[in-house]
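Report on the structure given below.
Naming: A, B, ... by sequence-line order, numbering from 1 per chain. None of the values given here were measured: they were computed from a predicted structure. Just so you know, these numbers use all the heavy atoms, side chains as well, and skip hydrogens, waters and symmetry mates.
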Amino acid sequence: MISTSFNQPHLRFPSLTHEKNTNHLRPNRNRFIPRIRIPPNSSLECNCRRENRFSDPGQQGNNKRPDLSVRYATAECPTSAISESGLVGDRLRGLVSEFGSLTEPLDRVRRLLDYAGRLPPFDESSRVESNRVAGCTTQVWLEVELDEEGNARFRADSDSEITKGFISCLVWLLDGAAPEEVVAVEAEDLEVMNVGFNGRTPSRVKTWHNVLAAMQKRALALSNKKKRKMKKKPLIVPPILPLIVAAEALAGNLPNSQVVDHI
Amino acid sequence: MMMMEGVALKFPPLKLFNPNFPTSPATTVTPSLARFALRSFSSSSSSSSCSASLPVSATAGKEADSALGTLSLGHLTRPDFPILHQEVNGSKLVYLDNAATSQKPHQVLKALQSYYAGYNSNVHRGIHYLSAKATDQYELARKKVADFINAEESQEIVFTRNATEAINLVAYSWGISNLKPGDEVLLTVAEHHSAIVPWQLVAQRTGAVLRFVDLDENEVPEVEKLRESISRKTKLVVVHHVSNVLASFLPIKHIARWVHDVGGKILVDACQSVPHIVVDVQELDADFLVASSHKMCGPTGIGFLYAKSDILSAMPPFLGGGEMISDVFLDHSTYADPPSRFEAGTPAIGEAIGLGAAIDYLQGIGMQKIHDYETELANYLYESLSTIPNVRIYGPRPSEKVKRAALCSFNVEDVHPTDLATLLDQQHGVAIRSGHHCAQPLHRYLGVNASARASLHFYNTKDDVDDFINALSETVSFLNSFK
């Protein structure tokens, strides 16, 4: 057998960890509020969905407004598809109904900006790197802690008003909820609030998806840490799919030493 | 598809915009003159054996007279771009994100279709008719690129996936084998990430040192400081020709001379210049120059590296595989001459041919005409945007001496650029970009996290600018009403 060797230095590449979304395989062994979803093919869906449409090229005089691709529930549609009770379930139904009743995208923006104004003040001293939610095109800061009863408490802020509106809704939805309830919410449940984002593919632009994921991850981490201290069994849920790879996951971060100076 | 075999043609500028005519590109032309020009274009594009397709207005006849009376280059060329004629979110599309990617004329779309429908075949190796034709057209596209930037020979053009890959090629091939500990690579804080990160990676491996030149009070890289920083240690200067954020131009010819005097080399990031102005690599005396097809009306997935032939000949391979080899044994291989040495695997053949068609299209208009028109658009955009209260536009102020590219990165006080971009799109169909535009160090230097950017191309018009400014004004008022 002929062996060859090439005297090249071994290249160390950063390892990227991708956590698969296995929510559909989630073992139902812990008591938590089941996932709240609007079934895609329900009559609710058929009454409410409108397809996105661009006018054909060459029909420039046609100013007919294309319909929206956002899935939402109107106030007239039954919300029986949202099955469970519970703090987060009730709030989620409320949010979906509230935003779903706003048929004009601009009205949804207005409502979000109203919510932005209701966000509690955020300490300037908390706008630090450790509180940043990574992967957002706007800046978002998030603080999470557990109260005496073990419920998650959230404080958040952003430099973008629309993002503040999203996170205000998220904080209103999840503040004071048990970590299990926080983790159970899925991004699709909140698509009705989707302002200006026509695609469904997660991308860097979907800041609030990242914020929701960060809220869930941090609440879960705090909860498990507390349970370990109390020698209780930690909550096992499938890994939450991160939309970005945290910087610390990339090995071999470049030192700054090769940069001599700014000239 | 009508093609002249084996020849890349250089086309004279449109007679419509001949400097001898007493009109400037962005202002009026008489209807009769325009109709004459349009008839000439139509007949030439149907009867000529050239691959050139000259822009033809969709309007004709008496109805066109009033339209033709105020036609600009933008108005004349827009009909060639099918994607521009649509509505988004209930409003007519106003596409102002050309620095991110440009739109494609139907001539390029047709070239792609013709390739895949007529003669798609792997290049360089086949004997049969389709392969021979595909090879000819692929190499003709290489020649078109060479002629477009006035390279001495086609062999100085290496096709890559894009400018980013081209810079990585230089970094991993030339950089790894030429940089030693203590050698300096000079850049500016305004460089694109693609021009910075490959050199960080290579510097880590070779022990070379990166040095960054700051901006001056006009928000342009300090050219004098750059000159003073060039020393015997400087092995490479990596600079943009036109900044994708600041819209400023750098004096590449002078910088090249300074770095050559000390025995160094210059790599020019020409992504924002090749699509918009005349670029002559011999006049600039660039050692390396990179650009991407998708920013110059060509398809995505193809770009190129220009390098002087003596430099290229001495460079080791970058990617290994088929095409780039001469002979392969189990324990070693010998490599092909450039450019094949740097083109491993099956290339993006159709896309290269599409780039060739894009170059034909641009040559049909004339790069100087495009430059002149876009200079007027640039000034109009800057002045119009300056009327928005509390706006801050980055980069130099345009003047007789200081030219700007037709783009503006800006911020409005107390309004996040992402909120602006979201509402401009949702409510007005205006497409701009918000973020750091792949220039985080620059934004950090400017003290901001993000900016909005509107960037134009020759198929934009002053009407587009007006629509943008009106939409921006409404959006800012709307957002401010919630404060």
Side-chain angles (χ1 to χ4, degrees), chain A residues 1-6 9 11-12 52-69 104-106 108-110 112-117 136-139 158-165 195-198 204-205 207 252-263, chain B residues 58 82-93 184-186 188-189 197 199-201 203-214 221-222 225-226 228-229 329-332 414-427 434-436 441 445 449-450 478-479 481-483:
Chain A
M1 178 171 130
I2 299 170
S3 66
T4 62
S5 67
F6 294 90
L11 293 175
R12 189 164 67 97
N52 201 2
R53 206 163 33 82
F54 295 125
S55 60
D56 292 332
Q59 293 181 12
Q60 276 176 282
N62 181 6
N63 286 324
K64 189 175 177 186
R65 223 178 155 76
D67 291 329
L68 305 166
S69 64
E104 290 295 323
L106 193 62
R108 286 203 295 284
V109 173
R110 284 199 182 97
L112 275 178
L113 294 175
D114 279 335
Y115 269 96
C136 305
T137 53
T138 59
Q139 292 188 93
S158 174
D159 57 351
S160 148
E161 289 302 304
I162 293 180
T163 301
K164 269 175 89 162
V195 166
F197 304 138
N198 291 316
R204 288 176 63 215
V205 186
T207 291
N253 274 342
L254 299 171
N256 289 328
S257 58
Q258 69 264 37
V259 177
V260 173
D261 53 7
H262 281 206
I263 303 160
Chain B
I83 198 170
L84 295 177
H85 308 283
Q86 61 178 289
E87 286 191 357
V88 298
N89 300 325
S91 308
K92 126 183 113 93
L93 170 66
E184 290 181 0
V185 177
L186 201 55
T188 79
V189 293
V197 178
W199 298 105
Q200 290 175 337
L201 295 170
Q204 197 182 22
R205 286 174 60 163
T206 61
V209 157
L210 304 187
R211 304 186 74 198
F212 291 87
V213 175
D214 287 346
E222 283 207 71
K225 274 273 173 63
L226 189 152
E228 288 161 14
S229 307
F329 302 91
L330 287 182
D331 61 347
H332 76 283
D414 292 334
V415 179
H416 198 283
T418 302
D419 293 347
L420 283 178
T422 301
L423 287 169
L424 281 171
D425 169 61
Q426 182 181 286
Q427 298 304 122
S434 73
H436 48 64
Y445 180 89
N449 283 296
F478 172 81
L479 288 168
S481 68
F482 286 86
K483 299 237 168 81

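In this structure, NE2 in His416(B) is found 5.0 Å from OG1 in Thr138(A), a value given to the nearest 0.5 Å. Within the model, atoms CZ of Arg110(A) and CZ of Phe482(B) stand 6.0 Å from one another, a figure rounded to the nearest 0.5 Å.
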Practice problem: Go through the steps to decide whether Leu479(B) and Leu113(A) satisfy the test side chain to side chain contact (heavy atoms under 4.5 Å, CB included), and finish with yes or no. | Solution: CA-CA 8 Å; Leu479(B) 288 168; Leu113(A) 294 175; 3.9 Å; yes

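No part of Leu93(B) comes within reach of chain A, as not one of its non-hydrogen atoms sits under 4.5 angstrom from that chain.
For the pair Leu106(A) and Leu423(B), the minimum side-chain heavy-atom distance is below 4.5 Å. You'll find the side chain of Ile162(A) stays beyond 4.5 Å of the side chain of Thr418(B), heavy atoms only.
With hydrogens and angles ignored, the 3.5 Å screen pairs a side-chain donor or acceptor of Asp419(B) with a backbone N or O of Glu161(A).
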